[in-house]
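A quick write-up on the structure given underneath.
Side chains included, hydrogens not; waters and symmetry mates left out as well; all remaining heavy atoms used. Numbers restart at 1 for each chain; the letters A, B, ... are given by sequence-line order, proteins then strands.
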2 protein chains.
Amino acid sequence: MSLKHALLGLLSERPASGYDLLKTFETSLANVWPATQSQIYTELTKLAGSGQITVTAEGPRGRKEYALTDEGMTELRHWLTETRPQRNTRSDVLLRVFFLGVLRPEQAREYLTGLTEMSREGYEQLRQLADSIDWDDDNLSVYGRIALEYGLRFNAMRQEWAEWAAGQIK
Amino acid sequence: MSLKHALLGLLSERPASGYDLLKTFETSLANVWPATQSQIYTELTKLAGSGQITVTAEGPRGRKEYALTDEGMTELRHWLTETRPQRNTRSDVLLRVFFLGVLRPEQAREYLTGLTEMSREGYEQLRQLADSIDWDDDNLSVYGRIALEYGLRFNAMRQEWAEWAAGQIK
DNA sequence: AGCTTACCTTCCACTGTTGACATGTCGAGT
DNA sequence: ACTCGACATGTCAACAGTGGAAGGTAAGCT
């Protein structure tokens, strides 16, 4: 259950409302930990109930601004430093590869070239995102850039792999 | 809901019991689509109910052997060829990177060197797995090798990235 | 003044996933 | 004869995640 930690992490940077956080999840966090509106509001209510965040201001349209409490910060640090065991990741992209044998070779190759294309597009999107941000030297920039670099390398790796794989068939 | 398709895919190769499938999930499929015993048995019952698989034999300890029906094969092919939109993948490994700024630089670096190590180990395990299998030219071997190559490249990429990232801090 | 768009939250039904508990059988070795 | 480990299945409570309905307010444009 890392949604909780994603929220604590975002609130550690600055106070925000559910709506603000939702926007962040739709943009910068979408590729790492997607979350829906219903999930976010539910989790905020729970976190507020357990004292890890509090309402610091109420705005115009019933807007509630949340901020991290000391307790929440402790939990966030604990998650970052103590809990090593990373959960196994599921990949339906790769799962399909296992069963491509039930298709005709040209169909299988088609799937892999589709992956090549998808990775190329992913790479380009991240490139553009990187160019559109003016990075400075604060924490957010440093670690944001590191995460983005991961995305670039991942897509490049997958593209090369898919091209190689398509060549392996038949 | 790809567990369903994972089961159909495995049964497309040969008939198997829930127990057999569980073993496969614990070994070869563990890195791609982990599943628990309860999930597998529940899903098998549902698939049998909807006619995509059938019981072909009953063995010693109440063992039931399932096989794919034509309907199941159709569904499997459909999933492989028609359903492109791949679900977004969640990564708690990367999520943490976003929030490493709340830690002291040396703690953040520690996290990244931990990832380096994890990736190195992952690479080695797959290397050993690759060596222990004697590959031939059937479908299972061809696509199994392709999937394994993905794992090798992924771990190599992540290791290099984590080393680079550790160097970026401070 | 009226309309539209963006802002903002809550609730609910459904599916997927986890972990534990319950139950029992067969085969091999002592 | 006994026991232990592998074989084998089923069920349940709890939590995580999806998608959508419902309801409402403020701000900006014409």
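- Nearest nucleotide to the Leu3(A) side chain, out of dG16(C), dG17(D), dA16(D): dG17(D).
- In this structure, of dT9(C), dA16(D), dT18(C), it is dT9(C) that holds the atom nearest to the side chain of Tyr41(A).
- Every pair passing side-chain hydrogen bond (donor to acceptor under 3.5 Å, both in side chains) that includes a residue from residues 39-50 of chain B is listed here, sequence neighbours excluded: Ser50(B)-Gln52(B).
- No engagement by Lys4(A) is indicated, since no non-hydrogen atom pair under 4.0 Å with the nucleic acid exists.
- Residue Ser38(A) places no side-chain atom within donor-acceptor reach of the base of dG17(D), judged by atom type and a 3.5 Å distance cut-off alone.
- Using a 4.0 Å cut-off on heavy atoms, the residues of residues 60-68 of chain A that approach DNA chain C are Arg61(A), Gly62(A), Arg63(A), Lys64(A), listed by number.
- Between the P atom of dG16(C) and the CG atom of Leu47(B) lies a distance of 11 Å, rounded to the nearest Å.
- When the nucleotides dG10(D), dT9(C), dT18(D) are ranked by their closest atom to the side chain of Gln39(A), dT18(D) comes out on top.
- The stretch residues 6-20 of chain B touches DNA chain D through Ser17(B), Gly18(B), Tyr19(B), each having a heavy atom within less than 4.0 Å of the strand.
- If Lys23(B) and Thr42(B) are placed on DNA chain D by their nearest nucleotide, the residue sitting closer to the 5' end is Lys23(B).
- Remark: the Gln37(A) side chain and the dG19(D) base include no donor-acceptor N/O pair separated by less than 3.5 Å.
- Going from atom CG of Leu22(B) over to atom P of dT17(C) covers 16 Å, rounded to whole Å.
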